[in-house]
Asker: 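Please find one structure pasted underneath; my questions will follow.
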Protein chains: 2
Amino acid sequence: MARMKDPRARSLLIEQAARMLRDRRPVTIRSLVAGTGMSTMAVYTYFGGMDGLWRAVRQEGFTRLASRLDGVSLSADPVRDLAALGAAYLANAVAHPDLYRVMFDAGFELDDPSAADESLYSLVRAVDRAKTAGRFHGGVDPLELATQSWVIGHGLASLAVTGPLPRDALTHAVPMLIALFTSAGDDPAECRRSVERGWQAPSAQLPD
Amino acid sequence: MARMKDPRARSLLIEQAARMLRDRRPVTIRSLVAGTGMSTMAVYTYFGGMDGLWRAVRQEGFTRLASRLDGVSLSADPVRDLAALGAAYLANAVAHPDLYRVMFDAGFELDDPSAADESLYSLVRAVDRAKTAGRFHGGVDPLELATQSWVIGHGLASLAVTGPLPRDALTHAVPMLIALFTSAGDDPAECRRSVERGWQAPSAQLPD
DNA sequence: AAACAATACATAACATTGCTATGTTATGCA
DNA sequence: TGCATAACATAGCAATGTTATGTATTGTTT
């Protein structure tokens, strides 16, 4: 059949693009392949063009997010876990701000949505555990509350990491999540303790 | 001295750019000036280049947002007004989705930040009125709570208007604002009534 | 093993991009 | 009336993404 496309070269180009994003260098086809020894055609054989490259970079962003969330060790306190997941979400945005911007800028179709889905569903599962633990009332829809947590996380990431707000505005996450989870039925004082513990979870502060 | 720059031409170019954004046509210097009879140099005399044009478009976006918020008629119920401002914020994003994207994509420096400032401070004032009306407790920092409302609004706009969530996810605004304002001290039942009334304020649903 | 076919990859060219250099026209002030 | 200065037009440049064409390499087939 065909000579195999080297998957090494593929991810090498993606990492190169991520590195150039991080260093604020303009990502052009020619500058992208410059250090790699490949020719500009590599971008077309592996990604079909520049759009495909950005799709792959976006995919990489969601993959890193998913693995970051996967690194959050769950506890017996599901509300703490929810806050820890939120902290990990924001830590990922801080660690890869330009990648985060690409993830949500102009087009989000993914070749493999499972990474993005898995990220959301780790929140959904935590909400569900909070329900069965009696922390949230039965009327709470896990997907809805997870989505609302995501809205808070993304709003903060967008405004305070890639946007006009200063970075320490990220601490707004704590009172906002407390408000959200309290309105879902959690006891205010217990909720505050849980969220603050989750916010300081070590998995959220790793450099990458 | 100098021949006056025609301010008509300036805003004509901005409106043309906004129109091309709306129609999803790529905004290039040549296509921008195509219908106007001007030459490409007009963009350089009026805006100094493409960056300046995008800055002006962003400014236009904030101006439209400010006038939209200004159209919200205030009432005796400051919590209703906060929700109405939030609804107007989202209605503006729905009315001008591509403009909204430009407002927060890659760079936010504004020639005149007063439009953006005024938008935030209309929220701050409403929070302050809610405090003096006894709806929020005294410990609430108006700027902080206003910022948190903005985070919710922007998170929703970014995900449900220019992002992957369906547009009807905007209704998450209601429970999220209720949660936020309740945690600021408002009575839950009264808060729900106020937010739902504000959410249906007519000023939020005007086409422009 | 040899010939072949198909695909990866290199080279070069193309249209279009933002931008600049240069020339031309119009305007306000002396 | 002249003149300096700004507005505008024209043309061209380097760089961009993309495509066309040629070459080399690999897996398959007889």
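Side chains are part of it too, since the values below use all heavy atoms of this structure and drop only hydrogens, waters and symmetry mates.
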Asker: Test His154(A) against Ser158(B) for side-chain hydrogen bond (donor to acceptor under 3.5 Å, both in side chains), laying out the working first.
Answerer: CA-CA 8 Å; His154(A) 174 69; Ser158(B) 179; 2.7 Å; yes

Asker: Could you work out which one of dC9(C), dC19(C), dC8(D) sits closest to the side chain of Ile29(B)?
Answerer: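 Comparing dC9(C), dC19(C), dC8(D) against the side chain of Ile29(B), the answer is dC19(C).
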
Asker: Atom OH of Tyr46(A) and atom C1' of dT7(C): how far apart are they, to the nearest Å?
Answerer: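 After rounding, the gap between these two atoms is 11 Å.
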
Asker: I'd like to know if Asp98(A) and Arg24(A) make a salt bridge, using a cut-off of under 4.0 Å between side-chain N and carboxylate O.
Answerer: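 Looking at Asp98(A) and Arg24(A), the cut-off is met.
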
Asker: Please report, rounded to the nearest Å, how far the P atom of dC19(C) is from the CG atom of Leu32(B).
Answerer: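 About 12 Å, once rounded to whole Å.
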
Asker: On DNA chain D, nearest-nucleotide positions of Met41(A) versus Met41(B): which is more 5'?
Answerer: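 Residue closer to the 5' terminus by nearest nucleotide: Met41(B).
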
Asker: Side chain of Met50(B), heavy atoms from C-beta onward: which of dG17(D), dC19(C), dA21(C) has the nearest atom to it?
Answerer: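 The closest nucleotide is dC19(C).
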
Asker: So Arg135(A) and Ser194(A), side-chain hydrogen bond (donor to acceptor under 3.5 Å, both in side chains) or not? Walk me through it.
Answerer: CA-CA 11 Å; Arg135(A) 301 285 294 265; Ser194(A) 293; 2.9 Å; yes

Asker: May I have the distance from Trp54(B) (atom CH2) to dC19(C) (atom C1'), rounded to whole angstrom?
Answerer: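 The answer, rounded to whole Å, is 16 Å.
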
Asker: Atom CZ of Arg55(B) to atom C1' of dG18(C): distance rounded to whole Å?
Answerer: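 Atom-to-atom, Arg55(B) to dG18(C), this comes out as 16 Å.
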
Asker: So Val27(B), base contact, sugar-phosphate only, or nothing? Heavy-atom distance under 4.0 Å.
Answerer: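 Sugar-phosphate, backbone atoms only, no base.
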
Asker: Would you say a side-chain N or O of Thr28(A) is under 4.0 Å from OP1 or OP2 of dT16(D)?
Answerer: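 For dT16(D), OP1/OP2 do have a side-chain N/O of Thr28(A) under 4.0 Å.
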
Asker: Let me know the distance between CG of Leu12(B) and P of dC8(D), rounded to the nearest Å.
Answerer: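 Distance check: Leu12(B) CG to dC8(D) P gives 12 Å.
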
Asker: Could you say whether Ala42(A) or Arg30(A) is positioned toward the 5' end of DNA chain C, judged by the nucleotide with the nearest heavy atom to each?
Answerer: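 The residue mapped nearer the 5' terminus is Ala42(A).
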
Asker: Tell me: CG of Leu13(B) to C1' of dG18(C), nearest whole Å?
Answerer: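 Roughly 16 Å, once rounded to whole Å.
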
Asker: For the pair made of CG in Leu53(A) and C1' in dT16(D), what is the distance, rounded to whole Å?
Answerer: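 One finds 14 Å between C1' of dT16(D) and CG of Leu53(A), rounded.
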
Asker: Any side-chain N or O of Tyr44(A) less than 4.0 Å from the OP1 or OP2 oxygen of dT18(D)?
Answerer: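 It does, given that an N or O in the side chain of Tyr44(A) lies less than 4.0 Å from OP1 or OP2 of dT18(D).
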
Asker: Go through the steps for Arg22(B) and Glu15(B) under the test salt bridge (Lys or Arg N to Asp or Glu O under 4.0 Å), then give the verdict.
Answerer: CA-CA 10 Å; Arg22(B) 176 168 49 81; Glu15(B) 288 167 22; over 6 Å; no

Asker: Ignoring the backbone of Thr40(A), work out which of dA10(C), dA12(C), dC8(D) is nearest its side chain.
Answerer: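 Within the option list, the nearest is dA12(C).
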
Asker: Could you tell me the separation between the CZ atom of Arg55(B) and the CG atom of Asp112(B), rounded to the nearest 0.5 Å?
Answerer: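 Rounded to the nearest 0.5 Å, the CZ-CG separation comes out at 12.5 Å.
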
